[in-house]
Amino acid sequence: MQVTETKAEGLKREFQVVLPAAELESRLATELDGIKGKVQLKGFRPGKVPVAHLRKVYGRSVMADVVQNAVNEANQKIVEDNKLKLALEPQVQMPEDKDEIEKALDAKADLSFKIALEVMPSFDLVDLSDVSLTKQVVTPSDEEINETIERMASANRPFEDRPEGQYAESGDRVVINFTGRIDGTPFEGGTGEDINLDLGSGTFIPGFEDQLLGARVGDERLVKVTFPENYGAEHLAGKEAEFDVTVKAIKLPGELKIDDELAKNFGMDSLDALKDAVRTTMGREYEAASRQKLKKGLLDALDSRYSFELPPSLVHQEFAAVWAQVEQDLKNRGKTFEDEDTTEEKAREEYRRIAERRVRLGLVLAQAGESADIKVSDDEVNQALIARVRQFPGQEQQVWDFYRKTPQALAELRAPLFEEKVVDHVLGQVKLVEEPVSKEALFADEDDAEEGVKAEKAEAAPAGESNPA
């Protein structure tokens with residue numbers, strides 16, 4: 001086998017591989033001799049089939065295996081001899097001339113083919129000791145704890161039927177059936193039966209609850225509302241709707257008690273224990289939000305410190321994934337690029353930059369993790385898998401089996417675990433300053449909604465334990 005490098009441009013490499021006809025013949029003969037004692041052909045005793053006859057019967061299929069094995073050997077030889085780290089699987093290009101291939105498969109001519117590949121960029125990890133990042137810290141206040149406890153108590157307070165004939169007032173709970181229409185046509189999600197609605201809670205569309213004040217049991221009312229422009233379901237946002245509502249019951253709120261008995265309803269021994277649990281939960285939520293902002297700051301710092309050539313195929317692959325998500329999102333919302341005050345060309349340019357950022361950060365994090373010999377243990381992956389399985393009640397065994405039988409799916413569980421470990425490692429190299437802030441400051445949007453979405457996509461930099469691809 002002769003291997004010659006024919007192209008070395010940037011991260012792209014190309015090699016010409018030649019398998020002489022004599023080597024093809026030798027490899028074929030070896031393979032046929034190996035199966036001689038295994039095949040059974042009519043008219044021949046086991047192990048006594050002439051090689052010439054085996055070649056006539058199995059020659060082409062065996063030669064296909066010979067060629068595939070040779071391709072694999074060539075790939076391995078190229079990587080090992082040149083000490084290359086591949087970005088993606090090599091691309092093999094066989095001759096376009098069919099006659100040339102036919103002759104090679106008959107071992108009557110040399111087989112010449114090309115192997116094109118892209119290698120990972122080589123770069124040094126930079127010193128981050130001069131990078132300073134701020135970690136926002138929020139401590140749950142007693143007022144927040146008490147407000148949360150009050151909401152929990154309110155959601156679990158007892159209700160009793162209003163005396164017959166009385167009218168519904170703010171604070172009452174009404175039980176209703178409703179059917180909604182837009183332009184006279186019922187819409188998905190616009191129908192409900194035996195729905196509990198606390199008047200004055202602001203749970204339903206603005207204006208809906210107000211139009212049920214003064215209703216009595218058995219009343220049928222036509223409620224007219226307009227969905228907010230920022231309503232979660234895009235196909236309903238800003239639309240005018242009518243609801244036929246039937247009031248089935250009206251219930252008076254009972255006394256709001258915040259005591260040890262309330263805590264016991266939530267599985268706690270006392271009210272103090274419930275407050276501690278709420279404080280812990282809030283603290284975790286604030287810590288998670290703080291880490292997300294800190295991580296974004298770290299990724300921004302890394303992005304500004306590194307500039308190197310990126311494997312085109314990795315960028316293309318990442319862009320394709322991001323762009324598919326963008327197009328699907330527009331389709332789901334019934335929007336166009338013009339509705340988003342842009343053009344497809346401008347959007348492609350912007351999301352390509354996002355794809356390039358994600359690939360660059362992924363490579364940096366991967367190298368940082370490899371340099372620090374960071375590993376994710378099987379036990380850590382199992383814990384992540386158990387957490388994922390719990391998200392599918394009743395389907396635990398099927399989900400477990402799927403992940404265990406699908407290496408790619410299991411790798412997708414491992415990747416974020418590795419990334420978080422690497423982020424912790426890199427954060428240990430920068431200066432961290434804690435800044436006490438309010439809850440509002442922690443959750444404040446630094447950019448507008450569109451930029452926030454783009455930042456979120458860019459922050460999700462892919463990283464693998466050895467190869468981010």
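Because the structure is predicted, anything quoted here is derived from the model rather than measured.
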Heavy-atom side-chain contact between R353 and R358 under 4.5 Å: no
Which heavy atom of L314 sits nearest to which heavy atom of A87, and what is that distance? CD2-O, 3.9 Å
Between the CD atom in E287 and the NZ atom in K135, the distance rounded to the nearest 0.5 Å is 3.5 Å
Quiz question: by atom type and distance under 3.5 Å, do the side chains of D329 and Q325 form a donor-acceptor pair? no
Evaluate side chain to side chain donor-acceptor pair (under 3.5 Å) for N72 paired with Q76, printing each intermediate quantity in order. CA-CA 6 Å; N72 295 339; Q76 185 175 356; over 6 Å; no
Show your reasoning for whether side-chain contact (heavy atoms from CB on, under 4.5 Å) applies to D172 and F159. CA-CA 9 Å; D172 287 353; F159 282 83; over 6 Å; no
Looking at CG of L365 and NE2 of H425, how far apart are the two atoms once the value is rounded to the nearest 0.5 Å? 10.5 Å
Any side-chain heavy atom of M63 within less than 4.5 Å of one from L24? yes
Give, for atom CZ of F308 and atom CG of L11, the distance between the pair rounded to the nearest 0.5 Å. 9.5 Å
I'd like to check V315 versus R352 (side-chain heavy atoms, cut-off strictly below 4.5 Å). Are they in contact? yes
Start with the C-alpha gap between T281 and R284, add the side-chain angles, then the distance that decides, and say whether side chain to side chain donor-acceptor pair (under 3.5 Å) holds. CA-CA 5 Å; T281 300; R284 288 173 180 166; 5.2 Å; no
Apply salt bridge (Lys or Arg N to Asp or Glu O under 4.0 Å) to E344 and R348, showing your working. CA-CA 6 Å; E344 181 174 343; R348 281 183 176 274; 3.2 Å; yes
Start with the C-alpha gap between E255 and R157, add the side-chain angles, then the distance that decides, and say whether salt bridge (Lys or Arg N to Asp or Glu O under 4.0 Å) holds. CA-CA 7 Å; E255 182 181 358; R157 73 194 305 174; over 6 Å; no
Do S290 and Q136 pass the side chain to side chain donor-acceptor pair (under 3.5 Å) test, and can you show the C-alpha distance, the side-chain angles, and the key distance before you say yes or no? CA-CA 6 Å; S290 175; Q136 296 182 336; over 6 Å; no
Contact check, side chains of I101 and E96, non-hydrogen atoms, under 4.5 Å: no
Could you go step by step and tell me if D198 and T203 meet the side-chain contact (heavy atoms from CB on, under 4.5 Å) rule? CA-CA 8 Å; D198 294 344; T203 306; 5.6 Å; no
Tell me whether the count of non-hydrogen atoms from other residues, nucleotides or ligands lying under 6.0 Å of CG in D341 goes above 12. no
E261 side chain to N265 side chain, donor-acceptor N/O pair below 3.5 angstrom: no
Go through the side-chain N and O atoms of R151 and T148 and say whether any donor and acceptor fall under 3.5 Å apart. yes
Which heavy atom in L361 sits nearest to a heavy atom in D303, and how many Å separate them? CD2-N, 3.8 Å
Any side-chain donor paired with an acceptor under 3.5 Å for N146 and E150? no
Can you confirm whether E73 is buried at CD, in the sense that more than 12 heavy atoms of other residues, nucleotides or ligands lie under 6.0 Å from that atom? yes
Inspect the surroundings of CG in D269 and state if more than 12 heavy atoms from other residues, nucleotides or ligands are less than 6.0 Å away. no
Answer yes or no: is there a side-chain heavy-atom contact under 4.5 Å between T139 and E144? no
Using the rule given for salt bridge (Lys or Arg N to Asp or Glu O under 4.0 Å), can you reason through K12 versus E309, listing the C-alpha separation, both sets of side-chain angles and the distance that settles it, and then say yes or no? CA-CA 11 Å; K12 294 185 177 182; E309 185 178 2; over 6 Å; no
Check the surroundings of atom CG in D401: do more than 12 heavy atoms from other residues, nucleotides or ligands lie under 6.0 Å from it? yes
For atom CD of E188, is the number of surrounding heavy atoms from other residues, nucleotides or ligands below 6.0 Å larger than 12? no
Could you tell me which non-hydrogen atom of V225 sits nearest to which non-hydrogen atom of Q211, and how far apart they are? CG1-NE2, 3.9 Å
How about R360 and Y306: does a side-chain donor come under 3.5 Å of a side-chain acceptor? no
Here the gap from R357 atom CZ to L302 atom CG, rounded to the nearest 0.5 Å, amounts to 9.0 Å
With salt bridge (Lys or Arg N to Asp or Glu O under 4.0 Å) as the test, would you mind laying out the steps for D300 and K296 before giving the verdict? CA-CA 6 Å; D300 287 343; K296 181 182 182 302; 3.0 Å; yes
So the ring pair (Phe, Tyr, Trp, His ring centres under 6.0 Å) pairs with at least one residue in residues 309-340 (sequence neighbours excluded) are F319-W323, W323-F337
Kindly compute the distance separating CG (L410) from OH (Y403), expressed to the nearest 0.5 Å. 9.0 Å
Of all the heavy-atom pairs spanning A153 and I258, show the shortest one and how long it is. CB-CG1, 3.9 Å
For a 4.5 angstrom cut-off between non-hydrogen side-chain atoms, does E209 reach S201? yes
Does the side chain of V3 come within less than 4.5 Å of K77's, by heavy atoms? yes
For the atom pair CG (L88) and CD (E118), what is the distance rounded to the nearest 0.5 Å? 6.5 Å
Between D127 and S129: side-chain donor-acceptor atoms closer than 3.5 Å: yes
In terms of relative ring orientation, are F243 and F178 parallel, tilted or perpendicular, with 30° and 60° separating the classes? perpendicular
So do the side chains of I149 and K275 get within less than 4.5 Å of each other, counting heavy atoms only? yes
As a quick check of understanding, evaluate side-chain contact (heavy atoms from CB on, under 4.5 Å) for E242 and V223, giving each step before the final call. CA-CA 6 Å; E242 294 182 341; V223 174; over 6 Å; no
Residue Q398 excluded, over 12 heavy atoms near CD under 6.0 Å: yes
Indicate the atoms forming the closest heavy-atom contact of V131 with V430, along with that distance. O-CB, 3.5 Å
Minimum heavy-atom distance between M268 and A277, given as atom pair plus value: CE-CB, 3.5 Å
What's the verdict on side-chain contact (heavy atoms from CB on, under 4.5 Å) for L262 and M152, showing C-alpha distance, side-chain angles and the deciding distance? CA-CA 9 Å; L262 172 67; M152 295 169 67; 5.6 Å; no
Do other residues, nucleotides or ligands put more than 12 heavy atoms under 6.0 Å from Q91 CD? no
Test item: side-chain donor near acceptor, S26 and E23, under 3.5 Å: no
Are there more than 12 heavy atoms of other residues, nucleotides or ligands under 6.0 Å from atom CD of E420? yes
